[in-house]
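Working notes, beginning with the structure itself.
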Amino acid sequence: RASIGRARRMFVDDRQDQDKILLQAVQNHTPQVIVVDEIGTPDEVKAVRSIASRGVSMIGTAHGTCLSSLMQNGVLIPLLGGIESVTLGDQAARRRAMKGMARSSGEPQKCVLERRGAPSFDILIELLDVGSWIIHMNIAKSVDAKLSRKQARYSTQVD
């Protein structure tokens with residue numbers, strides 16, 4: 001068993017126990033940072049959300065082709081804060097339309113999608129290819145931009 005510095009590594013013998021091991025790490029070892037690979041089940045997402053809400057920094061991986069694919073993944077979307085449908089009143093719909101958030105017909109949109117809460121992570125990195133990636137420095141802003149059909153701001157890196 002190898003570790004870096006004073007870090008501890010907790011093995012997950014059975015993949016189905018990853019969520020329990022994550023919570024156990026927080027409860028028994030009071031870590032500053034937890035690194036988790038392949039977040040993919042509802043229980044793992046729930047554990048990560050719980051850990052993030054306790055102020056423990058998280059580094060994690062999840063499979064998806066891009067931010068948009070994660071936003072469409074019913075299991076992983078809570079990591080991005082979740083999405084909910086909101087019905088706007090007439091005035092709020094008109095205000096949004098004036099800010100350029102109307103339908104292509106120019107009519108105010110009364111039913112919109114909004115981020116439900118805070119993401120579990122601050123930064124998201126999309127791996128495009130070997131040596132090529134997109135960095136979303138603020139996941140909340142990137143998700144909000146995509147939901148309002150605006151271009152998300154990000155940095156790209158190509159080696």
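Quick caveat: nothing in here was measured; it's all calculated off a predicted structure.
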Heavy atoms from other residues, nucleotides or ligands near [atom1] of [X] exceed 12 (cutoff 6.0 Å):
| X | atom1 | value |
| --- | --- | --- |
| Met137 | CE | no |
| Asp122 | CG | no |
| Gln27 | CD | yes |

Among the clusters formed by ILVMFWY side chains lying less than 4.5 Å apart, do [X] and [Y] turn up in the same one?
| X | Y | answer |
| --- | --- | --- |
| Leu127 | Ile123 | yes |
| Leu79 | Ile83 | yes |
| Ile39 | Val75 | yes |
| Val56 | Leu22 | yes |
| Leu23 | Val48 | yes |

Please report the interatomic distance [atom1]([X]) to [atom2]([Y]), rounded to the nearest 0.5 Å.
| X | Y | atom1 | atom2 | result |
| --- | --- | --- | --- | --- |
| Glu126 | Ser69 | CD | OG | 7.5 Å |
| Ile139 | Leu70 | CD1 | CG | 9.0 Å |
| Ser142 | Ile134 | OG | CD1 | 10.0 Å |
| Leu80 | Asp144 | CG | CG | 11.0 Å |
| Glu84 | Leu147 | CD | CG | 10.5 Å |

So, [X] side chain and [Y] main chain: donor-acceptor pair closer than 3.5 Å or not?
| X | Y | value |
| --- | --- | --- |
| Gln18 | Asp37 | yes |
| Ser148 | Ala145 | yes |
| Asp129 | Ser132 | no |
| Thr61 | Glu38 | yes |
| Asp17 | Lys20 | no |

A side-chain contact here means heavy atoms from C-beta on lying under 4.5 Å apart; do [X] and [Y] qualify?
| X | Y | result |
| --- | --- | --- |
| Val36 | Met58 | yes |
| Arg15 | Glu44 | yes |
| Ile77 | Met71 | yes |
| Val112 | Leu88 | yes |
| Ile34 | Ser57 | no |
| Lys146 | Leu67 | yes |

ask   = Please walk me through it: do Arg49 and Ser53 pass side chain to side chain donor-acceptor pair (under 3.5 Å)?
value = CA-CA 6 Å; Arg49 298 254 330 135; Ser53 73; over 6 Å; no
key: Minimum heavy-atom distance Arg54-Val26, with the two atoms named   =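 Closest pair (atom of Arg54, atom of Val26, distance): NH1-CG1, 3.7 Å.
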query = Looking only at heavy atoms, what is the nearest atom pair of Val86 and Glu114, with distance?
reply = CG2-OE1, 3.7 Å
query = Does any donor atom in the side chain of Gln24 or His29 lie under 3.5 Å from an acceptor atom in the other side chain?
reply =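 There is no such pair (donor and acceptor under 3.5 Å, judged by atom type) between the side chains of Gln24 and His29.
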message = So that I can tick it off, tell me whether Lys110 and Asp90 are bridged by a salt bridge, with the cut-off set at under 4.0 angstrom between side-chain N and carboxylate O.
response =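 Here Asp90 pairs with Lys110 in a salt bridge, since their nearest N and O are under 4.0 Å apart.
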